[in-house]
Asks: 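Mind looking over this structure? Questions follow.
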Amino acid sequence: MQYIEDNKARFLDELLEMLKIPSISADPAYKDDVLKTAHLVADYLKQSGADAVEVMPTDGHPIVYGEKILGEDLPTVLVYGHYDVQPPDPLDLWESPPFEPVIKKTKIHPDGAIFARGACDDKGQFFMHVKAFEAMLKNDALGCNVKFMIEGEEEVGSDHLGDFCKANQEKLACDVILISDTSIISNSTPSITTGLRGLSYVEVEVTGPNRDLHSGVYGGAVANPVNVLCDMIASLQDENHHITIPGFYDDVEVISTEERAEMNKAPFDLGQYKEDLAIGDIQGEEGFTTMERTSIRPTLDVNGIWGGYTGEGAKTVLPSKAFAKISMRLVPHQNSDKIAKLFADHFTRLAPDSVQVKVSFHHGGEPVVTPTDTPEYRAAHLAMQETFGKAPIPKREGGSIPIVALFEDVLGVKSVLMGFGLDSDALHSPNEHYGLFNFYKGIETIPYFFLFSTFFSSLINSSSDQFE
């Protein structure tokens with residue numbers, strides 16, 4: 001589409017402007033920046049041609065809504081994305097400031113990549129939809145209704161999205177939800193995500209003595225909460241990296257040998273994988289491949305651990321408290337609330353009498369598997385085939401998007417997960433980036449999804465009329 005080609009530079013400039021705002025939903029200190037980003041997203045939607053654009057309040061950060069309704073008899077696509085981002089810490093590992101976007105060429109992105117927090121997750125990806133929508137309107141090529149719902153709390157569990165959806169079911173009514181917050185296998189191997197793991201996220205606090213103690217005076221006689229916490233965490237997995245929490249695997253979906261074989265046919269270079277991460281070897285649950293470990297198996301990982309003195313120099317202190325943040329990725333049939341309770345019960349039992357333990361549940365989400373036999377999935381398949389020149393591979397992904405299960409439960413519709421990022425784009429890490437190839441490929445591909453969705457809908461309606 002010539003309009004896209006003619007406006008590439010402007011599309012990029014607009015995205016860079018949005019990436020400059022630190023819309024960190026987890027930190028109250030950035031509340032004004034989150035709100036500022038919401039209003040900028042609303043402005044971009046209006047400029048692109050959306051109607052009824054609103055910055056809608058919630059009990060947390062606002063949700064940006066917009067729509068273009070062309071006809072009640074046309075299919076409706078609801079585009080979901082999020083404008084909030086993860087905290088950028090640790091800042092000293094960034095090669096450039098996280099909210100001063102720069103474009104640099106890399107081995108994987110020879111055409112250049114945007115380095116900034118949120119570049120891929122999810123500002124760059126949801127913005128593709130805004131620009132694809134704009135291009136279709138400018139060319140009078142839009143043949144379906146489009147609604148946008150861009151939220152500001154995805155990175156903290158979308159706590160208020162469920163209530164918002166329940167209160168706005170009529171406004172959000174649609175035939176399919178289109179989400180770009182996932183990845184493709186590579187820039188030469190397109191894929192569509194057909195499964196996501198769930199999440200159960202907890203924080204633990206281990207308390208020993210009633211104050212920090214001199215490690216010379218009390219060391220060896222009083223339990224050190226940091227040492228105890230490390231022992232407790234270490235016991236959560238055995239020598240085969242199998243999680244030891246009783247009942248943890250009770251509901252895990254068993255994947256057939258045939259399906260596992262098909263899954264492992266997807267292109268994967270273990271040597272390149274290790275080189276990209278600068279690791280000498282991989283590690284994970286015994287009996288499963290890397291691709292299986294990161295998609296169809298549950299996990300338990302420490303996301304942060306602290307306690308005692310962590311400043312410059314030395315301080316001989318025996319700390320009063322130690323803390324850790326722990327996430328568990330879940331697979332189909334596991335339930336986040338159930339897993340959180342199993343964890344809390346087990347972790348509390350592990351504690352020796354010398355310490356007290358507190359477990360706090362932060363947020364969670366349920367695992368999902370999306371169908372591959374729907375007209376909407378077929379539309380995504382054909383759209384990617386059109387622009388990449390080859391058929392996309394269906395694949396399960398290791399990350400979590402808790403709202404996918406919520407949408408199905410509250411709105412009664414399935415989602416299509418058509419993302420364009422790469423697993424190597426350092427999501428949630430220092431030096432997050434998003435390839436220019438991927439950004440523009442998304443803008444090029446999304447209009448075909450709209451076109452094919454309209455086509456399949458007309459075929460279904462025509463068949464229904466003939467049947468009647």
Asks: Salt bridge between Lys171 and Glu54, side-chain N to carboxylate O under 4.0 Å?
Replies: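 Salt bridge present between Lys171 and Glu54.
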Asks: Run the salt-bridge test on Lys321 and Glu205 with the 4.0 Å N-O cut-off and return the result as yes or no.
Replies: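 Counted as a salt bridge, because a side-chain N and a carboxylate O are separated by less than 4.0 Å.
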Asks: Any side-chain donor-acceptor pair under 3.5 Å between Ser23 and Lys36?
Replies: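 Ser23 vs Lys36: no donor-acceptor pair found between side chains.
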Asks: Keeping Lys68 on the side-chain end and Gly49 on the backbone end, is there a donor-acceptor pair under 3.5 Å?
Replies: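 Side chain of Lys68 to backbone of Gly49, a donor-acceptor pair under 3.5 Å: yes, one is there.
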Asks: For Pro367, which of Pro402, Pro298, Pro332, Ser400 qualifies under side chain to side chain contact (heavy atoms under 4.5 Å, CB included)?
Replies: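 Of the listed residues Pro402, Pro298, Pro332, Ser400, the side chain to side chain contact (heavy atoms under 4.5 Å, CB included) partner of Pro367 is Pro332.
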Asks: Please report the shortest heavy-atom distance between Gly162 and Leu406, naming the atom on each side.
Replies: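 Where Gly162 meets Leu406 most closely, the heavy atoms are CA-CD1, 3.5 Å.
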Asks: Under a 3.5 Å threshold, yes or no: a donor from one side chain and an acceptor from the other, between His160 and Glu153?
Replies: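 Indeed, the side chains of His160 and Glu153 share at least one donor-acceptor pair under 3.5 Å.
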Asks: For residues Glu203 and His362, is any side-chain donor paired with an opposing acceptor at under 3.5 Å?
Replies: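 Judged by distance alone, the side chains do pair up.
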Asks: Any luck finding a side-chain donor-acceptor pair between Glu134 and Ser48 under 3.5 Å?
Replies: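 The criterion, which ignores hydrogens and geometry beyond distance, is satisfied for Ser48 and Glu134.
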Asks: Looking only at side chains, do Asp251 and Asn335 share a donor and an acceptor under 3.5 Å apart?
Replies: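 Looking only at side-chain atoms, Asn335 and Asp251 do not form any donor-acceptor pair under 3.5 Å.
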Asks: Mind checking the CD1-CE spacing from Ile393 to Met384? Nearest 0.5 Å is all I need.
Replies: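 With rounding to 0.5 Å, CD1 (Ile393) is 11.0 Å from CE (Met384).
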Asks: Will you find, in the side chains of Ser336 and Glu366, an N or O donor that is under 3.5 Å from an N or O acceptor?
Replies: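 Distance-only check passes for Ser336 and Glu366.
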Asks: Check Arg329 with Glu397, please: is the shortest side-chain N to carboxylate O separation under 4.0 Å?
Replies: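 Salt bridge: no.
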Asks: How long is the span from the OG1 atom in Thr37 to the CD1 atom in Ile150, to the nearest 0.5 Å?
Replies: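 One finds 13.0 Å between OG1 of Thr37 and CD1 of Ile150.
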Asks: Is the centre of the Tyr83 ring less than 6.0 Å from the centre of the Phe126 ring?
Replies: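 Judged by ring-centre distance (under 6.0 Å), Tyr83 and Phe126 do not meet the cut-off.
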Asks: Between Asp345 and Lys341, does at least one N-O distance fall below 4.0 Å, as a salt bridge requires?
Replies: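 Yes, charged N to carboxylate O under 4.0 Å.
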Asks: Does the ring centre of Tyr273 sit less than 6.0 Å away from the ring centre of Phe268?
Replies: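 Yes, they do, as the ring centres are separated by less than 6.0 Å.
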Asks: Ring centroid separation for Phe133 and Phe148, is it under 6.0 angstrom?
Replies: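 So the answer is yes for these two rings.
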Asks: Does the cation-pi check pass for Lys8 over Tyr440, that is, NZ or CZ under 6.0 Å from the six-membered ring centre and within 45° of its axis?
Replies: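 Output yes; distance and angle both within limits.
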Asks: Considering non-hydrogen atoms only, spot the tightest contact between Ile108 and Ser424 and give its length.
Replies: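 Scanning both residues, the minimum pair turns out to be CD1-OG, 3.5 Å.
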Asks: Taking atom types as modelled, find out whether Ser183 and Asp423 have a side-chain donor-acceptor pair closer than 3.5 angstrom.
Replies: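 Yes - a donor-acceptor pair under 3.5 Å links their side chains.
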Asks: Once you round to the nearest 0.5 Å, how far does CG of Asp84 lie from CG of Asp121?
Replies: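 One gets 8.5 Å once the value is rounded to the nearest 0.5 Å.
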Asks: So which heavy atom on Glu444 is nearest to which on Ile4, and how close?
Replies: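 Of all heavy-atom pairs spanning Glu444 and Ile4, the closest is CA-CD1, 4.2 Å.
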Asks: Given 3.5 Å as the limit, does a donor-acceptor pair link the side chain of Thr370 with the main chain of Thr194, or not?
Replies: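 Side chain of Thr370 to backbone of Thr194: a pair is present.
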Asks: Indicate whether the side chain of Ser191 and that of Lys395 have a donor and an acceptor atom separated by less than 3.5 Å.
Replies: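 Not at all, the side chains of Ser191 and Lys395 share no donor-acceptor pair under 3.5 Å.
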Asks: Whether Lys325 engages the ring of Tyr201 as a cation-pi pair (distance to the six-membered ring centre under 6.0 angstrom, angle to the ring normal within 45°) should be assessed.
Replies: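 Judged by the rule (NZ or CZ under 6.0 Å from the ring centre, within 45° of its axis), Lys325 is not positioned above Tyr201.
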Asks: Please tell me whether Ser158 and Glu151 have a donor and an acceptor in their side chains that are separated by less than 3.5 angstrom.
Replies: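 Note: Ser158 and Glu151 side chains meet the donor-acceptor criterion.
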Asks: For residues Ser96 and Phe115, report the shortest heavy-atom separation together with the two atoms involved.
Replies: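 Scanning both residues, the minimum pair turns out to be OG-CB, 4.3 Å.
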Asks: Are any of the side-chain nitrogens in Lys107 or Asp276 under 4.0 Å away from the carboxylate oxygens of its partner?
Replies: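 No salt bridge links Lys107 with Asp276.
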Asks: What I want to find out is whether Lys414 reaches Glu376 closely enough, with some N-O distance under 4.0 Å, to be called a salt bridge.
Replies: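 No.
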Asks: Using a strict threshold of under 4.0 Å (side-chain N to carboxylate O), is an ion pair present between Arg293 and Glu285?
Replies: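 Looking at Arg293 together with Glu285, the answer is no, because their closest N to O distance does not fall below 4.0 Å.
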Asks: Would you please name every residue forming a side chain to side chain contact (heavy atoms under 4.5 Å, CB included) with Ala26, sequence neighbours left out?
Replies: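 Once residues adjacent in sequence are excluded, the partners of Ala26 under the side chain to side chain contact (heavy atoms under 4.5 Å, CB included) criterion are Pro87, Val156.
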Asks: Examine distances only and state if a side-chain atom of Asn168 and a backbone atom of Leu172 form a donor-acceptor pair shorter than 3.5 Å.
Replies: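 Pair absent, no side-chain N/O of Asn168 close to backbone of Leu172.
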Asks: Where do His109 and Tyr434 land on the ring-ring contact (aromatic ring centres under 6.0 Å, His included) test, with the steps shown first?
Replies: CA-CA 9 Å; His109 296 292; Tyr434 191 41; 7.8 Å; no
